[in-house]
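Contents: one structure, followed by commentary.
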Amino acid sequence: MKDGQLYVLYIKAFFTDGTSTDTKKPFIYRKTNPEQVKFAGNHTNLLGNPRHVGCSVDTLSTSLQLSWIRNVGANIFMSSPLIYNQHIYVGTVDENLRGEGGITSLDGKTGIINWKYTTRNSIKNTIAIEDGLLFAQDTEGYLYAIDADTGVLVWEKKLQNNTLPALVEGLATHAGRVYAGTGNGLSALECKTGKEHWVNTGWKQHEGTTTTITVGENVVISGAQWGGLYGNDIRTGEMLWRNNKNGLTNRGASAAVYGNLLYITSQSSLFILNASTGQVIVRKELPVSVDVTSTPLLTDNRIIFGTADEGVMALDRETLDEVWRFKTNPALVYTAPYTRYPVATVETSPVSSGNIAFTGASDGTLYGLDISTGTCIWKHEMGTPCFATVAISGNTLIAVDFGGNVYAFTAQ
């Protein structure tokens, strides 16, 4: 291929019922020499930390180029990629009973697959790493501790969750412990041995929810669809508070903890709560639905989050007035409840890097938005929905899509 030459890509897909469809897309080929992947630190939980504060210390520019792409051979749902000791880790789902659910480790510089560990069932949500071990929980409630270097199982435990509804929540790690499960199966275990420190007895399992456990200073924050938002004592597991009013029962988003303030979206509101007591400090009614998994991002002057039908929204951090709204293209797959074409859904959590907020969307595109104005200043079309939040370290952004592709973008 020649640099600067116009090419046309033709694609034809055939279906089992004998029908077919085709499309074409012109493009100009540009020869690039992407920078080598250079990670600056580890990214071990959703948004890099158990508090789910999505502010990267590394600043990326808009000169991002694709360094490599690798398909792991299975779908990736809401399992955001992790970065640990120069390697990348993703969880995969197995909806067709083909043994595709599990964990895949890739070399961070090349994308070459290091190892795969097959789990009994799908890994649908957040995985985490602590003390050299990777933790994942499958939909049946099995918790796995896998050696991050070798892919060898170190220990496993069946959590005290009901088999149905399926466990679709994400877990978290902090200070040598892994926090996993939900309801009566919500547990704190020692990372190295699997020793159980406590099991929740304060609230029961409800319908499945897409939340990931958040760890604050003295509280573990979790919840259940139609049940409420809960805070458990980090030392004893005792339920400290429950909030099932004010529109917090029907919720799929995970909380972000900044100091002692908890930020979360639910139904059509942004909430700020006291993380220690669960008391609602502020409830901001929104003109859009936020029944998605997106965790709010706080910057110096903005609160940014995904919506179910209007793309990405930003509020002024002080006044909570809407500052901008970036509407993505219509979703390719409808995951937000009670939505249909042409909703612009964003399930992922925005991550800030300098003055850019990076987020993937259900329209199959990864966006870089100007934090102040909401202007799109960089994008990459994946062609398949993105449900998992990106990870940033050093000069590199790692993203995944539902088709099972892992991307490494590097900044010049």
Side-chain angles (χ1 to χ4, degrees), residues 47 52 54 77-78 80 209-211 225 246-256 263-272 282-299 301-352 355-390 399 401-402:
L47 292 161
H52 307 327
F77 191 38
M78 293 181 177
S80 297
T209 180
T210 52
T211 57
Q225 189 80 327
N246 307 302
L248 279 167
T249 55
N250 181 21
R251 172 194 44 76
S254 306
Y263 291 77
I264 197 167
T265 57
S266 181
Q267 294 189 18
S268 59
S269 299
L270 168 76
F271 292 87
I272 305 175
V282 176
R283 178 182 182 180
K284 169 67 176 180
E285 290 282 354
L286 303 169
V288 299
S289 168
V290 285
D291 199 359
V292 288
T293 62
S294 184
T295 298
L297 164 69
L298 271 67
T299 68
N301 55 11
R302 298 284 184 267
I303 303 176
I304 307 172
F305 46 86
T307 74
D309 48 6
E310 287 290 328
V312 184
M313 174 175 282
L315 308 181
D316 183 275
R317 184 168 173 175
E318 291 188 2
T319 67
L320 298 185
D321 293 331
E322 181 179 343
V323 180
W324 55 258
R325 194 182 307 183
F326 176 81
K327 191 166 184 176
T328 63
N329 292 317
L332 300 175
V333 175
Y334 305 108
T335 53
Y338 315 116
T339 55
R340 294 291 185 271
Y341 183 88
V343 294
T345 304
V346 175
E347 296 277 8
T348 66
S349 305
V351 179
S352 67
N355 68 330
I356 308 172
F358 291 97
T359 191
S362 297
D363 66 359
T365 305
L366 178 64
Y367 294 97
L369 306 178
D370 184 283
I371 287 175
S372 297
T373 65
T375 304
C376 179
I377 53 180
W378 179 87
K379 68 178 181 178
H380 180 88
E381 296 181 10
M382 296 170 165
T384 183
C386 180
F387 302 125
T389 297
V390 304
D401 65 30
F402 186 62

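Hydrogens, waters and symmetry mates play no part in the numbers below; they use all other heavy atoms, side chains included. The model shown is predicted, which means the values in this text are computed figures rather than measured ones. Residues: numbered from 1 along the sequence shown.
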Reported OG1-to-CG distance for the pair T384 and D363, which is rounded to 0.5 angstrom: 11.0 Å

T328 side chain to G311 backbone, donor-acceptor under 3.5 Å: no

More than 12 heavy atoms of other groups within 6.0 Å of E285 CD: yes

Residue pair S266 / G247: nearest heavy atoms and the distance that separates them: OG-O, 2.5 Å

I304 CD1 to L298 CG distance, which is reported to the nearest 0.5 Å: 9.0 Å

Worked verdict on T348 versus C386 for side-chain contact (heavy atoms from CB on, under 4.5 Å): CA-CA 8 Å; T348 66; C386 180; 4.2 Å; yes

Student check: side-chain heavy atoms of R302 and S352 closer than 4.5 Å: no

Sub-4.5 Å side-chain heavy-atom contact between W378 and L366: yes

From S80 atom OG to L47 atom CG, the distance as rounded to the nearest 0.5 Å: 7.0 Å

Side-chain donor or acceptor of R317 paired with backbone N/O of T299 under 3.5 Å: yes

Atom of T295, atom of P350 and distance for their closest heavy-atom approach: O-CD, 3.7 Å

Minimum heavy-atom distance between W324 and I371, given as atom pair plus value: NE1-O, 2.9 Å

Passing candidate, side-chain contact (heavy atoms from CB on, under 4.5 Å) with T365, options E381, M382, H380: E381

Nearest-0.5 Å distance, NZ of residue K327 to CE of residue M313: 11.0 Å

Heavy-atom side-chain contact between V351 and T389 under 4.5 Å: yes

Exercise: identify the closest heavy-atom pair between G360 and V346: O-CG1, 3.5 Å

Considering all heavy atoms, the nearest Y367-A361 contact: CE1-CB, 3.9 Å

Distance in Å, Q225 CD paired with T211 OG1, rounded so as to fall on 0.5 Å steps: 9.0 Å

Test item: R283 side-chain N/O and N246 main-chain N/O as donor-acceptor pair under 3.5 Å: yes

Full working for side-chain contact (heavy atoms from CB on, under 4.5 Å) between T345 and T335: CA-CA 8 Å; T345 304; T335 53; 4.3 Å; yes

Within-4.5 Å side-chain heavy-atom neighbours: V292 and T307: no

Test log, rule side-chain contact (heavy atoms from CB on, under 4.5 Å), inputs F402 and F77: CA-CA 6 Å; F402 186 62; F77 191 38; 4.2 Å; yes

Spacing of L315 atom CG and K284 atom NZ [to the nearest 0.5 Å]: 7.0 Å

Any Q267 side-chain heavy atom under 4.5 Å of V290 side chain: no

Non-hydrogen atoms of G374 and F326 that approach each other most closely: O-CD1, 3.6 Å

4.5 Å side-chain heavy-atom contact, P296 and T265: yes

pair V333-F387: side-chain heavy atoms closer than 4.5 Å: yes

